[in-house]
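First up is the structure itself, then whatever we jot down about it.
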Amino acid sequence: MAGRLDGKVCVITGAGGGMGREAAVVFTGEGAKVCAADVDAKLAEETVSLCSGEAFAIGVDVADEAGVRSMYAQTAERFGGIDVLYNNAGISPADDQSVLDTSVGAWQRVQDVNTKGVFLCCKHGIPHLLERGGGSVINVASFVALLGAATSQISYTASKGAVLSMSRELAVQFARRGVRVNALCPGPVETPLLLAIYGGDPEAFARRQAHWPTGRLGTPREIVNAALFLASDESSFVNGAAFTVDGGITAAYVTPE
Ligand SMILES: NC(=O)c1ccc[n+]([C@@H]2O[C@H](COP(=O)([O-])OP(=O)(O)OC[C@H]3O[C@@H](n4cnc5c(N)ncnc54)[C@H](O)[C@@H]3O)[C@@H](O)[C@H]2O)c1
């Protein structure tokens, strides 16, 4: 049976865990050739061992320009070009909180990975897509780019807002050259990143759960299914979107109960 990503070469950052790992497994299962990139090379290798199709691992910090450039060069050399950038790597450290309490250092670390990382992946990845005559860029933002919260993670929220607006601008700039750019905005998803934030605090979990129309977290697969659509040609007219996959959170004023 034909795969939905047959013949496509995809670079997935943050592929050592959570949604990035899930994406590498699903994308290779759909016929893609995948570069699984993560700051933790060992985790990226583990991901590759779970993939059914052609994949290789690279250890790279997305905040490091030389590393990002080399990640794309190695992928293009190995697979003959690149069609999809899935810019998924992101961090949400515990010391990123209210603007009143967050240090400049904590602010900067998040900006370096989440904002500069996406900038560098677009800067050095898009030229490879242009060489192929087009492609798809999936920049992972978040529902927090669209909604505010009193339980703030100020740098994370600002970084995801930047990813969203950066994606819109790139979508317009490259549309006539065949490159689509969308910002994937997941709602809260059951991954180590989020479980670490809620870690052992049922009250914090319950406070948030009250705002979720579905009453539950998303699964990594539910987000990756949307990324699969954005990566494939099925989404050929989807460009510049804030593509929310959030169980209805951004639609909700009050929840059903
Ligand atoms: N989990 C959620 O609820 C949620 C909601 C909305 C958006 N997101 C976003 O989705 C993306 C994936 O989140 P996740 O929950 O799967 O995260 P995760 O923590 O489970 O996995 C993130 C991966 O990124 C890697 N990574 C961290 N810093 C890196 C760097 N500098 N360079 C390369 N790789 C690096 C980590 O090693 C890890 O393997 C992130 O951008 C996150 O902000 C997550």
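Each ligand, and each atom within it, is numbered from 1 in the order the structure gives. Note that the structure is predicted; figures quoted are calculated from it, not measured. Residues: numbered from 1 along the sequence shown.
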Please indicate whether any nitrogen or oxygen in M19 is less than 3.5 Å from any nitrogen or oxygen in ligand 1. yes
Closer than 4.0 angstrom: is that true for some heavy atom of A141 and an atom of ligand 1? yes
Can you tell me if K160 contacts ligand 1 (heavy atom of the residue under 4.0 Å from the ligand)? yes
Which of the atoms of ligand 1 are close to G18, meaning less than 4.0 Å from one of its heavy atoms? 16 (O), 20 (O)
Backbone N/O of P213 and side chain of T255: donor-acceptor pair under 3.5 Å: no
Under 4.0 Å from any heavy atom of G16, which atoms of ligand 1 are there? 39 (O)
Can you see whether N139 engages S167 through a side-chain donor-acceptor pair at a distance of less than 3.5 angstrom? yes
Hey, does the side chain of S159 reach the backbone of N114 with a donor-acceptor pair shorter than 3.5 angstrom? no
Can you tell which of A15, P188, G17 gets a heavy atom nearest to atom 21 (O) of ligand 1? G17
Near A89 (heavy-atom distance under 4.0 Å), the atoms of ligand 1 are 33 (C), 34 (N), 35 (C), 41 (O)
Kindly identify the option in S159, G90, G20 whose heavy atom sits closest to atom 22 (C) of ligand 1. G90
Which atoms from ligand 1 have a heavy atom of S142 less than 4.0 Å away? 6 (C), 7 (C)
I want to confirm something. Looking only at heavy atoms, which of D112, L217, D246, V60 is nearest to atom 33 (C) of ligand 1? V60
Heavy-atom contact check, 4.0 Å cutoff: does T13 meet ligand 1? no
I'd like to check which ligand 1 atoms, numbered from 1 as shown, lie under 4.0 Å from a non-hydrogen atom of G187. 3 (O), 5 (C), 6 (C)
Closest heavy-atom approach to atom 31 (N) of ligand 1 among I12, D61, D38, V39 is made by D61
Numbered atoms and elements of ligand 1 in range of I91, under 4.0 angstrom, heavy atoms: 27 (C), 28 (N)
Quick one: does Y156 get within less than 4.0 Å of ligand 1, heavy atoms only? yes
With heavy-atom distances below 4.5 Å as the criterion, would you say the side chains of V62 and L120 are in contact? no
Selected option - heavy-atom contact closest to atom 3 (O) of ligand 1, from V189, T191, N114, I223: V189
Looking only at heavy atoms of S92, does any of them come nearer than 4.0 Å to an atom of ligand 1? no
Does the residue C185 have a heavy-atom contact with ligand 1, meaning some pair of atoms that are separated by less than 4.0 Å? no
Considering the heavy atoms of V140, write down every atom of ligand 1 situated less than 4.0 Å from one of them. 9 (C), 10 (O), 11 (C), 41 (O)
